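One structure is given below, encoded as structure tokens.
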Amino acid sequence: SPITQSVPVRNGLFTVELNFGTVWDGADRWLQIQINTTPPTVLSPRIKINPTPYASFAFRPWITSGSNIFYTAGNVGIGTNSPAYPLHVISTAGITPVIHAESATAHTVIQGVSLDTSGQRWGVRGESRSPEGAGVTGFNGVAGGIGVFGQVSNPNGSGIGVWGLTYGEFGIGVAGESRSTTGVSHGVRGQNSSTSGDSAGVLGVARAA
């Protein structure tokens, strides 16, 4: 819609601030100026609105759809100007965590899903290059809570809720430790509800050559 303002004009020059609302969707836009004389005078030609030198990404804008906003023109980088992934975040300030998601009501705060039905795929993958670090760590500070939980919901066939793998000569595929000095605690605990077959709460297999 047209914007009408009364502005002072000095030597044929004037300055105004304009707000046309959410019309910037990447399409070309022109500015038309009309003077409210009798009859009205339209200044010609119209002026094409180009991106400023600092708005180098003005031709690839975020797009709004209702209350949602999205971007489909490439990767998005935070802390990097050359993102290699759909969302690439780099922090060198020693901030922990680098990405923080929080919800007071959601059942799952962060979810990763791999839709490929074949091959080795991961919904969530973590990596640590520190000899004292962990690729994935879970923490629950509430009594009775679970730090890390794995589940296979398919009741047929074989599945693994939690899997550990090591290629090191003295490595450990899965390790559990309890540091409690009182009460009854377990480093590793397994439970099995099946009453048939050779079922076990914890199963270990040695494949010596």
Side-chain angles (χ1 to χ4, degrees), residues 22 25-26 57 59-168 171-178 186-194 197 199-205 207:
T22 56
D25 57 2
F57 291 95
F59 287 119
R60 292 174 290 173
W62 292 83
I63 302 173
T64 58
S65 177
S67 59
N68 299 320
I69 183 171
F70 59 93
Y71 182 81
T72 59
N75 298 329
V76 176
I78 299 177
T80 173
N81 59 5
S82 56
Y85 311 99
L87 176 59
H88 193 169
V89 182
I90 294 180
S91 174
T92 58
I95 301 175
T96 302
V98 176
I99 299 177
H100 176 80
E102 181 176 326
S103 174
T105 57
H107 181 272
T108 302
V109 178
I110 298 178
Q111 175 174 303
V113 178
S114 175
L115 301 179
D116 197 336
T117 57
S118 63
Q120 290 187 341
R121 302 294 185 266
W122 296 272
V124 176
R125 179 180 183 270
E127 177 180 346
S128 174
R129 299 183 182 181
S130 170
E132 300 176 358
V136 175
T137 180
F139 174 79
N140 190 317
V142 180
I146 300 174
V148 175
F149 175 75
Q151 176 180 339
V152 176
S153 59
N154 188 350
N156 303 316
S158 60
I160 300 174
V162 176
W163 168 265
L165 174 67
T166 178
Y167 290 101
I172 300 174
V174 176
E177 178 182 355
S178 173
H186 310 278
V188 175
R189 179 180 182 271
Q191 178 177 338
N192 177 36
S193 300
S194 176
S199 301
V202 176
L203 174 65
V205 179
R207 296 181 178 177

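Being a predicted model, the structure only gives us computed values, none of them experimental. Computation of the quantities below employed the complete heavy-atom set of this structure, encompassing side-chain atoms and omitting hydrogens, waters and symmetry-equivalent molecules.
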Quick check: are there more than 12 heavy atoms from other residues, nucleotides or ligands sitting under 6.0 Å from CD1 of Ile172?
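Open.
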
Mind checking the [atom1]-[atom2] spacing from [X] to [Y]? Nearest 0.5 Å is all I need.
X	Y	atom1	atom2	result
Ile95	His100	CD1	NE2	13.0 Å
Asp116	Arg121	CG	CZ	4.0 Å
Ile146	Phe139	CD1	CZ	14.5 Å
Trp122	Ser114	CH2	OG	9.5 Å
Leu87	Asn75	CG	CG	9.0 Å
Ile110	Ile99	CD1	CD1	7.5 Å

Measure across Val152 and Gly161 and return the closest heavy-atom pair with its distance rounded to 0.1 Å.
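Result for this residue pair: CG2-N, 3.6 Å.
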
Please report the closest heavy-atom contact between Ser128 and Gly133, naming both atoms and the distance.
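Taking every non-hydrogen atom into account, OG-CA, 3.6 Å.
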
Could you walk me through whether Val188 and His186 pass the side-chain contact (heavy atoms from CB on, under 4.5 Å) check?
CA-CA 5 Å; Val188 175; His186 310 278; over 6 Å; no

Apply side-chain contact (heavy atoms from CB on, under 4.5 Å) to residues Val76 and Tyr71 and explain how you reach the verdict.
CA-CA 8 Å; Val76 176; Tyr71 182 81; 3.8 Å; yes

